[in-house]
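What follows is a short report on a single structure.
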Number of protein chains: 2
Amino acid sequence: MAKVDPSLIAHLPLFGGVKPEDLDEVLREARSARYPKNSVIFEQGADAQSFFLLLHGHVRATKTTPTGEQIVVRYVVPGETFGLAMAIGLAQYPATATAVDDSVVLILPTAAWPRLVERFPALTANMLQTIGTRLQESHTRILEMSTQQVEQRVAHALLRLAKQSGKKLDHGIEIDFPISRQDIAQMTGTTLHTVSRILSGWESQGLVESGRQRIILRDPHRIVLLAERTADSGPA
Amino acid sequence: MAKVDPSLIAHLPLFGGVKPEDLDEVLREARSARYPKNSVIFEQGADAQSFFLLLHGHVRATKTTPTGEQIVVRYVVPGETFGLAMAIGLAQYPATATAVDDSVVLILPTAAWPRLVERFPALTANMLQTIGTRLQESHTRILEMSTQQVEQRVAHALLRLAKQSGKKLDHGIEIDFPISRQDIAQMTGTTLHTVSRILSGWESQGLVESGRQRIILRDPHRIVLLAERTADSGPA
DNA sequence: CCGGCAATTTGCGATAGCGCAAAACGGGCC
DNA sequence: GGCCCGTTTTGCGCTATCGCAAATTGCCGG
């Protein structure tokens, strides 16, 4: 297991306020690991023995009901933390994390957290900020699910993904990791069938170009219009 | 403005780990205020100059879209904090808070927070816990909205309210503050019409007894069954 | 290069829940 | 005690979206 270079993590929000030269101290507690595409990093309900920092790749967090339905909680991009159960007082992970791409993560033992917090009080504040942001995002999502129709929700979801992980091409913005219709359905509270129909429609209007687990926004601007459109407005 | 007795707040989660005798120091920064039923405590978008602790009454937090639709984010019960914008790094309140009952709140200036945190480091951790719990609740809500039908969602919402603010009667559990069909609709992502139809149905089956802004769960157990029922299961 | 599998597309009902509108109700205030 | 207004109920048609099923497609592994 290779040593992690402090410069890799120095700029991350979590470590704001921690002196770069102190980061070695943090890294001493950490190890890194590689997860191949589609491998599970941790499972919902498992003991939260570690928390994670994504260095490379993409991770999907999902939550499953007792009856087996699942939703995508979020996609993690490099630089973000995940599996923070312990920070909010949970002994088990509330969601499952899966690498959707070959991914490299920094693993910190949950047990080290209290020690780190004591040593670097700024960490708690940073963590609070992180969780707070996620809370807001959740509320936004609830608001959307309550007030918008499926097409608008899908538009919002794709725009968000594009902003988060978009790779600019000259003919549009490509979402930079494999994502299926089913995934999008689970992000927006609908079915893969409906997502497929919507994307087909958009494709024939030149709004997107998509294929197997691959989506390119060809005309982000018009998608923004779609996302903001009220149920009735606009021509046929 | 009356002095607040430390014993009133000593047991609150936010102050866990703070010595009771130190609470005076906190209270020196605070003032209390009374908000009559239906008055607005702060408005979404306003500068977050204070944060709040509910002492008596009930407060509803709502979030409104640019186009005017709104959802109920949560109901605050005595002992809980609200308006924590500053703790998560927001300069403006992300929601509106309204007293749904005559309510008494403890008001703490946002400006005092950094000072308090420095003095009582446990506060940050407590806050993290609080926000973390809310994040989880949000995720649960998203999961429900994604996977359950309206009737089940309403059942869950009522059960939660009953647990939070239920007053036990010998003939059931009454939700202890005024709540309209519209409110429930905004908690569950549906319309007041649908909620009304559902409650009417339940009433005729003896599950609830309800009236103007008033709901009594007559048969919580059967409502639990409803809440857990999968779309198809069970007889007509 | 081919077989097989997972992802996607699409057609075709079925329906839960919406939206509108109107009527009934209930309480508080004067 | 009666009036006024906000809340609730309910009928009725409509449609967005689901659910199922079958056909198609594109990849990956061998």
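Below, all heavy atoms of this structure are taken into account, side chains as well, without hydrogens, waters or symmetry copies. All of these numbers come straight from a predicted model, not from anything done at the bench. Reminder, nothing fancy here: chain letters follow the sequence lines and each chain counts from 1.
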* **Electrostatic pair R74(A):E80(A) at N-O distance under 4.0 angstrom** =>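 Counted as a salt bridge, because a side-chain N and a carboxylate O are separated by less than 4.0 Å.
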* Phosphate oxygens OP1/OP2 of dT17(D): is one of them under 4.0 Å from a side-chain N or O of T194(A)? ->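 Answer is no, no contact under 4.0 Å.
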* Assert yes or no for the condition that the ring centre distance of F82(A) to F51(A) is strictly below 6.0 Å. =>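 Aromatic pair excluded; centres sit 6.0 Å or further apart.
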Protein-nucleotide distance ([X], atom [atom1]; [N], atom [atom2]), rounded to Å:
{"X": "E203(A)", "N": "dT24(D)", "atom1": "CD", "atom2": "P", "answer": "19 Å"}
{"X": "K37(B)", "N": "dG27(C)", "atom1": "NZ", "atom2": "P", "answer": "12 Å"}
{"X": "I215(B)", "N": "dG26(C)", "atom1": "CD1", "atom2": "C1'", "answer": "16 Å"}
{"X": "Q152(A)", "N": "dA16(D)", "atom1": "CD", "atom2": "C1'", "answer": "12 Å"}
{"X": "I198(A)", "N": "dT8(C)", "atom1": "CD1", "atom2": "P", "answer": "14 Å"}
{"X": "Q182(A)", "N": "dG19(D)", "atom1": "CD", "atom2": "C1'", "answer": "14 Å"}
{"X": "L199(A)", "N": "dT17(D)", "atom1": "CG", "atom2": "P", "answer": "14 Å"}
{"X": "Q149(B)", "N": "dT17(D)", "atom1": "CD", "atom2": "C1'", "answer": "12 Å"}

Taking the side chain of [X] as heavy atoms from C-beta outward, which of [options] is closest to it?
{"X": "H193(B)", "options": "dT9(D), dT9(C), dG27(C)", "answer": "dT9(D)"}
{"X": "L192(B)", "options": "dA16(C), dT8(D), dC18(C)", "answer": "dT8(D)"}
{"X": "R212(B)", "options": "dG6(D), dG19(C), dT17(D)", "answer": "dG6(D)"}
{"X": "R181(B)", "options": "dC18(D), dT8(C), dT8(D)", "answer": "dT8(D)"}
{"X": "Q213(A)", "options": "dG17(C), dT9(D), dA7(C)", "answer": "dA7(C)"}
{"X": "T190(A)", "options": "dC18(D), dT8(D), dA21(D)", "answer": "dC18(D)"}

* Asked: Using a cut-off of 4.0 Å on non-hydrogen atoms, how would the nucleic acid contact of S200(A) be classed: base, sugar-phosphate, or nothing?
  -> sugar-phosphate
* To do: For atom NE2 of H221(A), decide whether the heavy atoms of other residues, nucleotides or ligands shown that lie under 6.0 angstrom number more than 12.
  => no
* Asked: When you match V195(A) and G189(B) each to their closest nucleotide on DNA chain C, which lands nearer the 5' end?
  -> V195(A)
* Pick from E174(A), R181(A), R218(A): which one makes a side chain to side chain donor-acceptor pair (under 3.5 Å) with S210(A)? ->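 Of E174(A), R181(A), R218(A), side chain to side chain donor-acceptor pair (under 3.5 Å) with S210(A) is met by R181(A) alone.
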* **Sub-4.5 Å side-chain heavy-atom contact between H58(B) and V77(B)** => yes
* To do: Return yes if the base of dG19(C) and the side-chain atoms of R197(B) contain a donor-acceptor N/O pair under 3.5 Å, otherwise no.
  => yes
